[in-house]
Amino acid sequence: MIRMFGVSKIYRNGIKALSDINFHIKKGEFVFIVGPSGAGKSTLIKLIFREELPSSGQVIVAGRNVARLRRKDLPFFRRKIGVVFQDFRLLPDKTVFENVSFAMEVVEASKSEIRRRVPEVLELVGLRGKEKSMPSELSGGEQQRVSLARAIVNNPEIVVADEPTGNLDPETSWDIIKLLQQINLRGTTVVVATHESSIVNMLRKRVIAIEKGRIVRDQQKGVYNYES
Amino acid sequence: MIRMFGVSKIYRNGIKALSDINFHIKKGEFVFIVGPSGAGKSTLIKLIFREELPSSGQVIVAGRNVARLRRKDLPFFRRKIGVVFQDFRLLPDKTVFENVSFAMEVVEASKSEIRRRVPEVLELVGLRGKEKSMPSELSGGEQQRVSLARAIVNNPEIVVADEPTGNLDPETSWDIIKLLQQINLRGTTVVVATHESSIVNMLRKRVIAIEKGRIVRDQQKGVYNYES
Amino acid sequence: MRVRTFGYFFRQAVVSILRNSLMSFASVSSVAAVLIILGMVLLLGLNVDYIASDIESQVEITAYLADGLDVKQVSEIGQKLIQVKGIKEVKFVSKDEALKEFKKQLGDQGDLLEGIKEDNPLPDFYRIKTINPSDISEVAAELDNIEGIVDIVYGKEVVDKLFKLTGWTRLIGLATITIFAFVSIFIISNTIRLTVFARRKEIGIMKYIGATEWFIRWPFLIEGMLLGLIGALISVSVINISYYYLTKTVAQSLPVIKLIPFDSLLYKITVGFMAIGALLGALGSGISIRRFVKV
Amino acid sequence: MRVRTFGYFFRQAVVSILRNSLMSFASVSSVAAVLIILGMVLLLGLNVDYIASDIESQVEITAYLADGLDVKQVSEIGQKLIQVKGIKEVKFVSKDEALKEFKKQLGDQGDLLEGIKEDNPLPDFYRIKTINPSDISEVAAELDNIEGIVDIVYGKEVVDKLFKLTGWTRLIGLATITIFAFVSIFIISNTIRLTVFARRKEIGIMKYIGATEWFIRWPFLIEGMLLGLIGALISVSVINISYYYLTKTVAQSLPVIKLIPFDSLLYKITVGFMAIGALLGALGSGISIRRFVKV
Ligand SMILES: Nc1ncnc2c1ncn2[C@@H]1O[C@H](COP(=O)(O)OP(=O)(O)OP(=O)(O)O)[C@@H](O)[C@H]1O
Ligand SMILES: Nc1ncnc2c1ncn2[C@@H]1O[C@H](COP(=O)(O)OP(=O)(O)OP(=O)(O)O)[C@@H](O)[C@H]1O
Ligand SMILES: [Mg+2]
Ligand SMILES: [Mg+2]
């Protein structure tokens with residue numbers, strides 16, 4: 001489902017965020033990306049949904065080489081991927097409901113479908129009753145969950161989540177991770193960049209560890225830290 | 001240093017974020033604020049540096065009743081408090097160096113002072129070499145550390161940090177917490193809202209736990225969770 | 001695209017205008033201000049043209065007749081004149097009428113002619129207006145070979161000067177209107193552009209969610225269109241009301257100056273400006289969004 | 001506040017303009033466009049006033065003298081006239097000169113007067129210009145009791161009409177300039193306001209860091225001032241160059257129309273517009289930032 005061959009990424013200011021990344025995530029896998037702050041996790045995730053293009057190497061997602069996507073195909077490619085952004089990226093002028101429904105409007109879902117599905121997803125992430133709040137009226141954790149709700153509302157083939165529990169207490173974090181697991185069980189490929197060692201250690205899923213832009217470990221049923 | 005008497009906060013949309021909060025944090029204390037997402041931690045912190053005013057009750061910080069501060073005294077009051085924001089709040093048009101030096105320009109520090117102190121603080125938070133980056137060119141954790149650097153650069157009397165490690169890996173988190181402890185040892189009052197149970201449990205500092213806007217526990221040498 | 005999606009775009013645009021009320025207000029009022037100015041200039045230019053045409057239309061040829069023609073001969077010449085191409089109007093002036101007119105022209109000094117009354121030296125003449133005032137020289141040349149006409153006078157110098165002047169006035173008027181129109185387009189699209197700038201991050205977010213470029217564009221286009229339309233609406237209201245009172249006041253205090261009547265302009269300017277406002281708003285928004293929508 | 005802090009503000013403003021280059025460009029060009037238009041209107045208005053004054057200054061009184069005065073008497077009257085308050089210029093015209101002039105005025109029809117040559121019925125007269133053209137009636141009244149003057153003519157109706165017309169033209173010109181000036185102020189401050197809107201979040205952040213209101217304001221004020229100043233600079237360049245060529249072209253092709261000479265305007269408009277640009281930029285920025293700086 002997601003493959004990278006010899007990928008490296010050098011930002012415009014000369015910073016080398018990734019070097020020689022190779023991996024293959026199969027359909028239906030659940031993968032954690034771990035590594036210290038600034039290691040390149042977010043960059044890796046941005047390559048998947050083509051926010052950034054690789055400086056060299058090939059990124060192949062859902063059978064498409066992202067570098068070769070034509071401009072008009074890009075939106076349709078991105079609809080296959082639900083993204084939870086590290087910085088949430090909610091639309092500041094839209095309510096919680098509208099932020100989530102926006103993703104469905106984009107794919108021209110029917111009104112009745114939207115009315116049914118959006119509350120359902122908001123319920124799943126524990127945000128019932130916040131439908132009419134604006135993002136600026138939410139706590140950090142609540143914003144993060146709106147971002148998650150938006151990512152999963154269209155049942156995408158792939159969900160990539162960049163620190164989806166960074167602003168959440170352990171209990172809520174667990175609920176969110178369970179939700180991602182459920183989605184994964186239904187066949188969705190799930191990639192989660194995270195710092196939460198307890199969650200990684202508990203779940204025993206595949207772990208790709210990055211340090212200074214290089215994969216230092218790629219382990220099935222892995223833990224957060226080799227040494228621990 | 002920080003006292004609240006019967007404080008409650010109702011936001012304009014009618015949401016009751018805090019009810020009947022009472023506590024007293026003494027000069028030089030190190031306090032964790034914990035609680036589930038949406039409990040009211042950020043609201044509590046916003047009351048301390050007067051981003052928000054209490055709907056009822058008294059908030060007294062550094063001997064001043066925040067509700068009675070005159071507009072012209074407000075900036076000077078705020079300079080006593082270094083804040084790490086949950087959403088970082090970096091100035092998007094300024095480089096990392098400028099973001100930190102801005103806090104010193106505000107107090108009209110001398111040029112030589114700024115040239116000496118800013119690199120020193122950036123070194124402390126592990127951001128050496130990122131001086132010239134713009135916030136948009138930083139990873140989430142790097143941005144968070146810039147926010148921290150800015151909060152401590154002027155050696156304020158009080159440091160309040162809203163989830164200062166939410167975007168950091170465990171190791172970097174520990175470095176940051178140690179930094180806060182050092183600052184605390186020099187006499188600064190430190191208030192940290194956090195979800196990181198491992199850190200809270202390890203440090204055994206005073207813990208104020210909030211749930212649904214109420215203090216449910218205020219414990220010296222506390223842990224993250226009663227039950228755990 | 002479904003009709004329902006279009007309804008969604010429209011609602012999004014309206015909601016966005018309301019939620020960004022400060023910014024909407026700033027841009028609508030700028031658009032209105034610019035269009036009011038453009039309207040003023042346009043009305044000024046049109047009126048200058050109108051007055052110039054009015055003055056030009058008073059230009060005429062005087063065809064002096066030979067002395068001692070009888071009534072039949074005179075009317076025959078009249079018949080011939082009417083058939084000449086380019087002539088609009090022909091009026092006979094007898095020598096007596098001519099003297100009266102001449103006296104009147106002289107005003108205070110008219111008394112000087114008192115002595116000439118008995119032996120009127122002035123000839124009869126035809127006063128001729130051309131369909132197209134600027135064709136006057138050609139038409140005058142045609143009259144030369146009509147028998148019974150002894151002299152053709154049309155103040156060549158004065159007429160040439162007049163046309164030069166009205167020509168210049170028209171040119172300056174047109175140039176001014178054109179410049180103002182371009183500047184207005186520029187300012188309006190710049191204003192709308194600034195409102196888009198303020199929201200450029202949203203555009204990026206929408207793209208990462210899988211919105212097509214047009215899905216992002218449409219609400220912005222509609223929003224720009226609505227902002228432009230509202231601005232235009234305000235401007236035409238102000239222009240119409242002001243012009244109504246201006247024509248009324250001028251008609252009372254300065255009847256010499258003939259302005260274009262209010263009624264005949266109202267409709268065109270209203271429709272035209274609404275169209276301009278809507279178009280420029282949509283364009284300004286569309287152009288500035290391009291930069292952010294791409295990539 | 002230290003001088004060094006002010007240097008910091010200035011640097012911040014410049015850096016901010018450069019980093020927000022797209023937005024800076026949009027607002028500078030809008031300011032320039034608005035000021036170019038204002039400049040055009042201002043020059044038009046000033047020139048209309050200039051031309052109106054020129055026409056007014058040609059208004060004159062004709063004081064007809066009694067028949068058969070000798071040279072001494074005539075020059076005595078001249079002496080008296082010069083001493084009358086409000087009179088600028090006095091010129092004697094003999095009956096022969098008068099007839100010649102009259103003929104010239106009649107042009108083609110001048111031949112009609114051929115017969116009168118021998119027995120010239122026209123009187124000698126003085127042609128009088130007043131210092132202040134609009135005082136003409138009062139001055140004329142004063143002349144009534146000077147001996148030897150039999151009639152005083154100054155075309156009361158024509159002069160009244162002329163002053164009514166120039167008065168109206170001036171009024172409309174002034175009104176137009178005033179309206180344009182206000183609209184320009186409005187658009188410029190609106191434009192600068194939009195650039196501040198786009199950065200309102202930064203202002204909040206600065207406050208929470210403990211910046212005083214003036215510490216936040218100064219860089220924005222300076223930035224607004226600089227944007228206004230640059231816009232004004234562009235506009236005065238365009239205005240000066242265009243006006244230079246306009247005066248040159250008009251002097252060649254339409255020497256009848258006397259425009260205000262280029263040199264005498266250049267300096268005032270340049271300085272004035274720079275000041276306006278800087279002031280409006282700073283004000284627009286200052287006013288719009290108030291809303292965000294407070295609380
Ligand atoms: N747009 C950018 N331009 C330039 N450099 C960038 C950009 N984005 C990230 N970087 C740099 O690339 C490196 C990797 O960043 P990335 O965001 O991938 O880290 P990360 O692993 O997600 O870190 P964190 O856990 O702190 O979010 C960092 O050193 C960062 O400063
Ligand atoms: N500006 C606001 N206007 C209205 N409601 C708000 C506002 N800010 C926060 N709230 C609401 O107040 C409650 C408390 O929010 P707060 O940000 O204090 O939570 P928190 O404890 O910091 O949560 P988290 O751990 O997720 O950051 C939440 O229900 C939130 O939706
Ligand atoms: Mg990251
Ligand atoms: Mg919070």
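Bear in mind that the values here come from a model prediction, so they are computed numbers and not experimental data. Order of the sequence lines sets the chain letters (A, B, ...), proteins ahead of strands, with each chain counted from 1.
Of the two parts of K130(B), only the side chain, counted from C-beta on, holds a non-hydrogen atom closer than 4.5 Å to a non-hydrogen atom of chain A. Neither the backbone nor the side chain of R12(A) comes within less than 4.5 Å of any heavy atom in chain B. For I15(B), the part sitting under 4.5 Å from any heavy atom of chain A is the side chain, from C-beta outward, and nothing else.
Note that the CD atom of E196(A) and the CD atom of E196(B) stand 6.5 Å from one another [nearest 0.5 Å].
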Verdict with supporting geometry, S139(A) and S37(B), side-chain contact (heavy atoms from CB on, under 4.5 Å): CA-CA 7 Å; S139(A) 81; S37(B) 173; 3.8 Å; yes
Practice item. List the steps, then state whether side-chain contact (heavy atoms from CB on, under 4.5 Å) holds for N13(B) with S133(A). Key: CA-CA 8 Å; N13(B) 61 359; S133(A) 296; 4.2 Å; yes
Residues D87(B), F88(A); criterion side-chain contact (heavy atoms from CB on, under 4.5 Å); working and verdict: CA-CA 10 Å; D87(B) 50 359; F88(A) 317 150; over 6 Å; no
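Atom CD of Q181(B) sits in a crowded spot, with more than 12 heavy atoms from other residues, nucleotides or ligands closer than 6.0 Å. Around atom CZ of R117(B), more than 12 heavy atoms belonging to other residues, nucleotides or ligands sit under 6.0 Å away. E120(B) CD: more than 12 foreign heavy atoms inside a 6.0 Å radius.
Of the listed residues (G126(B), G129(B), S173(B), P36(B)), the greatest number of heavy-atom pairs within a distance under 4.5 Å of chain A belongs to P36(B). Counting heavy-atom pairs closer than 4.5 Å to chain B, the top-ranked of the candidates T172(A), L168(A), D162(A), T43(A) is L168(A). By number of non-hydrogen pairs under 4.5 angstrom with chain A, the leading residue of K41(B), R145(B), Q143(B), E171(B) is R145(B). Ranked by heavy-atom pairs under 4.5 Å with chain A, the first of A39(B), S42(B), G38(B) is G38(B).
With H195(B) contributing its side chain and N167(A) its backbone, the two residues share a donor-acceptor pair below 3.5 Å.
Contact detail for G166(A) and E163(B): the closest heavy-atom pair is O-OE1, 3.8 Å. The shortest heavy-atom contact between Q86(A) and G141(B) is NE2-N, 4.2 Å.
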